[in-house]
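Just so it is clear, the values below take in all heavy atoms, side chains as well, and ignore hydrogens, waters and symmetry mates. As the structure is a computational prediction, the values presented were derived from the model and not from experiment.
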Amino acid sequence: MEARSLPEALKLIMEQRGCSQNQLARDLKKGQPWISNVIRGKAGLEFARVIKILSRVGWEVVIRPKSENSEPVKRREFVAAAASVMFVPSPKVGPDQDPAYVGELARSVQSGRYALGSGAIAATAIRHIQRIVPTAMGSRDRALHEAASELAVQTVWTLSEARRLDAGENIGKLALKLAQLSKSPGVQSRAYGALAQTKIERHKAQRQPDRALMYAREGMKVREVSDVRQAWMRLRKGWSLAQVRGQEKQARDEIENVRGLLQDSRGFGQSPVSVADMTGCIGLALNDLGAHEEAQTTLNEAVALLGNSAPDLQSHFLAQQIIAALKTSQVSLAANRMLHLARVAPLVNAPRLDEDLQAVLALSATWSTVPSVRDARDQLKTVTVRNIRT
């Protein structure tokens, strides 16, 4: 008889000894509420954290009676000889089969993308996928499927920003397969969202709105997902429609619906960065719809929400705000935003930024004789990491 968590151990001890929580509490010199809280996972949290930390490297904590006799441990012997704690290697082959470890990898890809840029971590993310996905595909562990799917989704976002969109779509398909194995509606929704985004985010000449719309519609069929996931899928549907001639009204309806939901729900309880991300994507969709004045206002709101965080998102939203301002001849505003972009750009390592800078410099060339625009263009040129033809 053995347990792999403190709550499980207390339950087994009471079962073996045929005692109540009150009796066990007296023997342990604890109060009954403490026993109850441990069993419900509300106490003994330090020990739970030890278990979680060790699981990341393929080890587990085993709690077993010191004597494996068939006779129950006598009450008077309990305090002295109730159980021993052992730290042993997990029966799993290695950490790549551990959902907690794979989940940490997914979070590290996400944080690395925000902090370092997709250009810095794309190769690392792909190596994780190459190592972990085959193992996860052959597993029956749904928790591992879920964690591996999230790692694949984070890799899709990374490759999208790195403008490796074909590779991103292929990994997105793996994310969807893993999500379907996990049976989790929320995980499936995230995978469909990532696939739709790879088609939306392509360069204007290469966009595939029909494919994006297909993924978005399939994602909207997934039931029992959170309000925020439904809103994201609806936004991607509207954004896809904004790129299809003749679908402007339907696109507008979907985009306005999401904008209203975001305001009414006070951001769905998301983090400030996530709220800014959704707000900015509404602005990008409005830009594609041709509503450039609304787009630049919305993108300005997203940049303000980001503050000094997520320079990759901030630079993208700034560039698209500049494009919207220039298309509505708001030259002074565009020049001001270009100077802001020049301060953020050195913090970002992402091919998407190069694409954005090319678009800004090409579109602003018309106003290059305006002193404020000329100065802002010069600033952008000096901070560009790669050579950009203007």
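Looking at S274, its side chain never comes within 3.5 Å of a backbone N or O of Q270 through a donor-acceptor pair. For S139 (side chain) and A136 (main-chain N/O), no donor-acceptor pair under 3.5 Å exists by modelled atom type. Side chain of S189 to backbone of P185: no donor-acceptor contact under 3.5 angstrom is found. In this structure a side-chain-to-backbone donor-acceptor pair under 3.5 Å is present from R223 to M220. Between the Q23 side chain and the S20 main chain, a donor and an acceptor come within less than 3.5 Å of each other. Panel note: side chain N37, backbone P33; a donor-acceptor pair is recorded below 3.5 Å. Judged by distance alone, with hydrogens and angles left aside, the side-chain atoms of S160 form no donor-acceptor pair with the main-chain N or O of V156 at under 3.5 Å. At least one donor-acceptor pair closer than 3.5 Å links the side chain of E248 to the backbone N or O of G246.
Side-chain contact check for P209 versus I200: every heavy-atom pair is 4.5 Å or farther apart. Contact annotation: the side chain of E201 approaches that of R163 to within less than 4.5 Å [non-hydrogen atoms, C-beta and beyond]. Within the 4.5 Å cutoff, side-chain heavy atoms of S329 are placed close to those of W367. Residues V275 and P272 are not in side-chain contact: their nearest non-hydrogen atoms beyond the backbone lie 4.5 Å or more apart. When side chains are defined from C-beta on, W232 counts as touching D277, because their heavy atoms get closer than 4.5 Å. You'll find the side chain of V109 reaches within 4.5 Å of the side chain of I121, heavy atoms only. Between L357 and L341 the shortest side-chain heavy-atom distance falls below 4.5 Å. Annotation: side chain of L363 is in contact with side chain of K327 (closest heavy-atom distance under 4.5 Å).
In this structure, the separation between CG on N287 and CD on E293 is 12.0 Å, given to the nearest 0.5 Å. Rounding to the nearest 0.5 angstrom, the gap separating the NE2 atom in H292 from the OG1 atom in T328 is 8.0 Å. Rounding to the nearest 0.5 Å places CZ of R259 at 6.5 Å from CD1 of I282. The distance from atom CD of Q296 to atom CG of L318, rounded to the nearest 0.5 Å, is 11.5 Å. Separation of atoms NZ (K249) and CD (E254) is listed at 10.5 Å; rounding is to 0.5 Å. The distance from the OG1 atom of T135 to the CD atom of Q97 is 6.0 Å, given to the nearest 0.5 Å.
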Legend entry - Stepwise side-chain contact (heavy atoms from CB on, under 4.5 Å) check, L165 with L159: CA-CA 6 Å; L165 294 162; L159 294 176; over 6 Å; no
Inset, instruction - Applying salt bridge (charged side-chain N to carboxylate O under 4.0 Å, His left out), run through E104 and R107 and close with a yes or a no. - result: CA-CA 5 Å; E104 285 298 320; R107 284 185 284 276; 2.7 Å; yes
Inset, instruction - May I have the step-by-step check of side-chain contact (heavy atoms from CB on, under 4.5 Å) for N300 and R337, ending in yes or no? - result: CA-CA 9 Å; N300 189 56; R337 299 285 85 186; 3.3 Å; yes
Inset, instruction - Quick one: do Q32 and N22 satisfy side chain to side chain donor-acceptor pair (under 3.5 Å)? Show the steps, please. - result: CA-CA 5 Å; Q32 184 274 332; N22 284 326; 5.0 Å; no
Inset, instruction - For side-chain contact (heavy atoms from CB on, under 4.5 Å), just list the numbers for Q358 and D354, CA-CA rounded to whole Å, side-chain angles, deciding distance to a tenth of an Å, and then say yes or no. - result: CA-CA 6 Å; Q358 286 179 339; D354 293 345; 5.5 Å; no
Inset, instruction - Please step through side chain to side chain donor-acceptor pair (under 3.5 Å) for the pair R377 and S364, ending with a clear verdict. - result: CA-CA 8 Å; R377 283 169 54 82; S364 63; 2.8 Å; yes
Inset, instruction - Output, in order, the C-alpha distance, side-chain angles, deciding distance and verdict of side-chain contact (heavy atoms from CB on, under 4.5 Å) for R343 and Q379. - result: CA-CA 9 Å; R343 291 193 294 271; Q379 289 271 2; over 6 Å; no
Legend entry - Trace of the side chain to side chain donor-acceptor pair (under 3.5 Å) decision for E150 with Q154: CA-CA 6 Å; E150 178 60 20; Q154 293 299 333; 2.8 Å; yes
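Salt bridge annotation for K221-E218: present, with a cationic side-chain nitrogen under 4.0 angstrom from a carboxylate oxygen. Taking the charged nitrogens against the carboxylate oxygens, R374 and D378 have no contact shorter than 4.0 Å, which rules out a salt bridge. Contact check on E146 versus R190 returns no salt bridge, with no Lys/Arg side-chain nitrogen under 4.0 Å from an Asp/Glu carboxylate oxygen.
Neither W239 nor L286 shares a network with the other; the hydrophobic side chains, linked directly or stepwise wherever heavy atoms of I, L, V, M, F, W or Y lie under 4.5 Å apart, form separate groups for each. Under the 4.5 Å side-chain contact rule for hydrophobic residues, M214 and Y192 share a cluster. Under a hydrophobic-cluster definition in which Ile, Leu, Val, Met, Phe, Trp and Tyr are linked whenever side-chain heavy atoms come within less than 4.5 Å, directly or via other members, I126 and M137 are assigned to the same cluster. When hydrophobic clusters are built by joining Ile, Leu, Val, Met, Phe, Trp and Tyr residues whose side-chain heavy atoms come closer than 4.5 Å, directly or via intermediates, L241 is not grouped with L235. Under the 4.5 Å side-chain heavy-atom criterion for ILVMFWY residues, a single connected hydrophobic cluster contains both V348 and V303.
Taking all atoms of both residues into account, the shortest heavy-atom contact from G238 to A251 is O-CB, 3.4 Å. Of all the heavy atoms in K173 and L195, the pair that sits closest is N-CD2, 3.7 Å. Of all the heavy atoms in Y215 and E169, the pair that sits closest is OH-OE2, 3.0 Å. Closest approach of T279 and L305 over heavy atoms only: OG1-CD1, 3.9 Å. Across all their heavy atoms, I132 and A148 have their closest contact at CG2-CB, 4.4 Å. In this structure, T298 and G283 approach most closely via the heavy-atom pair CG2-N, 3.7 Å.
For the 3.5 Å distance criterion, the side chains of Q320 and D356 qualify, holding a donor opposite an acceptor. Side-chain polar atoms of Q180 and H145 form no donor-acceptor pair below 3.5 angstrom.
For R266, the CZ atom sits in a loose shell: 12 or fewer heavy atoms of surrounding residues, nucleotides or ligands are nearer than 6.0 Å. Taking a 6.0 Å sphere around CZ of R352, one finds it holds more than 12 heavy atoms contributed by other residues, nucleotides or ligands. Counting heavy-atom neighbours within 6.0 Å of E256 CD, excluding the residue itself, gives a total above 12.
V153 forms part of a hydrophobic cluster together with W157, judged by ILVMFWY side-chain heavy-atom separations under 4.5 Å.
Screening I129, T124, L151 for a side chain to side chain contact (heavy atoms under 4.5 Å, CB included) involving L105 leaves a single residue, L151. Here the options are L181, V133, L176, L178, the test is side chain to side chain contact (heavy atoms under 4.5 Å, CB included), and the partner is S149; only L178 passes.
By the side chain to side chain donor-acceptor pair (under 3.5 Å) test, H128 is found to be paired with no residue, residues two or more places apart in sequence or in another chain being considered.
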